[in-house]
2 protein chains.
Amino acid sequence: MAGVELLERPLINIVNLIWSFDRASEQVYLLLVKRASAPYKNRWALPETFMRTKESADQAALRLVKEKIGLELASFHTEQLATFTNPKRTKKERAISLAYMTFLPEMPTLRAGYGASEVRWFRFGYQAEKYCLVSGQKLFWASQAQTEQAYYDQPLASGQAHLAFDHEWIFQVAATRIKNKLDYQPNILLILGNTFTLKEARSVYAPFLMTTLKQIDNSNFKKTHGHLLKDVGMATAGRPGRPPRLYRLKL
Amino acid sequence: MAGVELLERPLINIVNLIWSFDRASEQVYLLLVKRASAPYKNRWALPETFMRTKESADQAALRLVKEKIGLELASFHTEQLATFTNPKRTKKERAISLAYMTFLPEMPTLRAGYGASEVRWFRFGYQAEKYCLVSGQKLFWASQAQTEQAYYDQPLASGQAHLAFDHEWIFQVAATRIKNKLDYQPNILLILGNTFTLKEARSVYAPFLMTTLKQIDNSNFKKTHGHLLKDVGMATAGRPGRPPRLYRLKL
DNA sequence: ACAAAAGTGTTGTTGATACACCCATGT
DNA sequence: ACATGGGTGTATCAACAACACTTTTGT
């Protein structure tokens, strides 16, 4: 009996949500790839890979970053999101996905890597109370299902483009998780690199809170979230206005 | 290359932390089993099973409840905890564990099932700022490592009994998670069954907050956590004192 | 001097804690 | 009547949001 179980090992892959920030536009971005092969050929999806036997899932997620965008930094912060195991999530063979999130300290230009015909940064935003991803004419919505079971039971809305597999659900789980951690462990700020200004921090917070930069009062933001930050000096000014202080994420 | 990856599928098992509550002693309990076979033969551990191809991980966790304690309820609340993939976590073959938590609405007597020579409820408590599990002379501590990497790098403290595998670390992650959700989604209250009194709710909160029932003011508890509860009438009194109101977890 | 960017201070409101008081039941 | 268990009310204090004000830079 136990022997039978051992043979029936499901496919395991790693899905990685790679977040980044563009200082020019002051916007948050997420990486999507256009799949080069079946299933879901030519559809946009979150980057995936398989885990090798001698690496941990975290290491596999980091390897994915290197393969997809050719970035060779020593290490970026990667953290576990959740595991997706619903039998309905794939049509053919049973597959289990371990989802991770990576916060890139810079936003490099992309070149399509193994398994992808195209790689692109999608701007993370919101419209009508829903999270979304935008790049040019392309637009993807986060799933609006309230529970996992509801998501897999309902058919996808027609008349709009959808991400491959259950990636719209994974995206929704990810954005919600980040939002919930904003008040006590805002690791998403790591996309700003080593140091950042309060304004940059607020522009990262804004889309997750479904509000705008201007609506987050700088004074109040400092008072409520300042304990999570460490003051590390001044920025040198190159434009009108008082130069901002620089901060770093504590711990 | 891809073909090679597919063949190298790691072992996947499900670990389930089964929580319960004893109304007589007003204490929280966690289920441990004594392993009947290698590895870690005759050591205490969290109950484990392998996932079958036609069930989700959640379903496997529920099946585990039935196998270990012979409980045949329609469904109990089970939720995902985390996934443990560190290559150092097992000595021989690579293994990945998907950890789940089940909140049992009652506390049945146990009979040792498949793969276990003994099954026992361990009282969940704390000593010297650390979570622990107690049953008779047996005592297990939650891991005090601050990060996952720190846990797997450090040797276990000698001079005390340890749970099998990395289960002391999983236990620590679980207790911390429950504590963090106490203020906005206290699913742990499901171990109290359909309805419960405020006193019972406070006695569930107490060990996770490392405090005592008496130190949690009933009036303030109602004001701060009342929005999570629904008033569903009075209990019939059978002992001195005013009969308490009954509550149910909202949603 | 003035506009722009950023940091500081002040006030009103909300929510949490401490604790006194009132209500219902069994003996 | 009174002890026991449980709910209600109030004063105090801390956290937060709104918004006015001051500081530092570039033109």
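Sequence lines set the chain letters: A, B, ... in the order given, protein chains first and strands last, and positions in each chain run from 1.
- Taking atom CD1 of residue A:Ile216 and atom C1' of nucleotide D:dA18, one finds them 15 Å apart after rounding to whole Å.
- Going from atom CZ of B:Arg202 over to atom P of C:dT17 covers 14 Å, rounded to whole Å.
- We find that NZ of B:Lys199 is positioned 10 Å from C1' of D:dT4, with the value rounded to whole Å.
- Spacing between atom CZ of B:Phe221 and atom C1' of C:dA16 amounts to 14 Å, rounded to whole angstrom units.
- Side-chain atoms of A:Ser219 come within donor-acceptor range of the base of C:dG9, with a qualifying N/O pair under 3.5 Å.
- Summarising the geometry, the separation between CG on A:Asp217 and P on D:dC21 is reported as 15 Å, rounded to the nearest angstrom.
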Exercise for review: In sequence, state the C-alpha distance, the side-chain angles, and the governing distance for A:Asp166 and A:Tyr152, and then conclude on side-chain hydrogen bond (donor to acceptor under 3.5 Å, both in side chains).
Suggested key: CA-CA 8 Å; A:Asp166 52 358; A:Tyr152 291 108; 2.5 Å; yes
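- Checking B:Thr78 against B:Asp58 by side-chain atom types alone, no donor-acceptor pair falls below 3.5 Å.
- A 4.5 Å side-chain heavy-atom check between A:Lys199 and A:Glu26 finds at least one atom pair inside the cut-off.
- Atom CG in B:Asn218 sits about 14 Å away from atom P in D:dG9, given to the nearest Å.
- Protein atom CG of B:Asn220 is 13 Å distant from nucleotide atom C1' of D:dG7, rounded to whole Å.
- For the pair A:Arg242 CZ and C:dA3 P, the computed distance is 19 Å after rounding to whole Å.
- Comparing A:Lys223 and A:Gly241, the nucleotide of DNA chain C nearest to each residue sits closer to the 5' end for A:Gly241.
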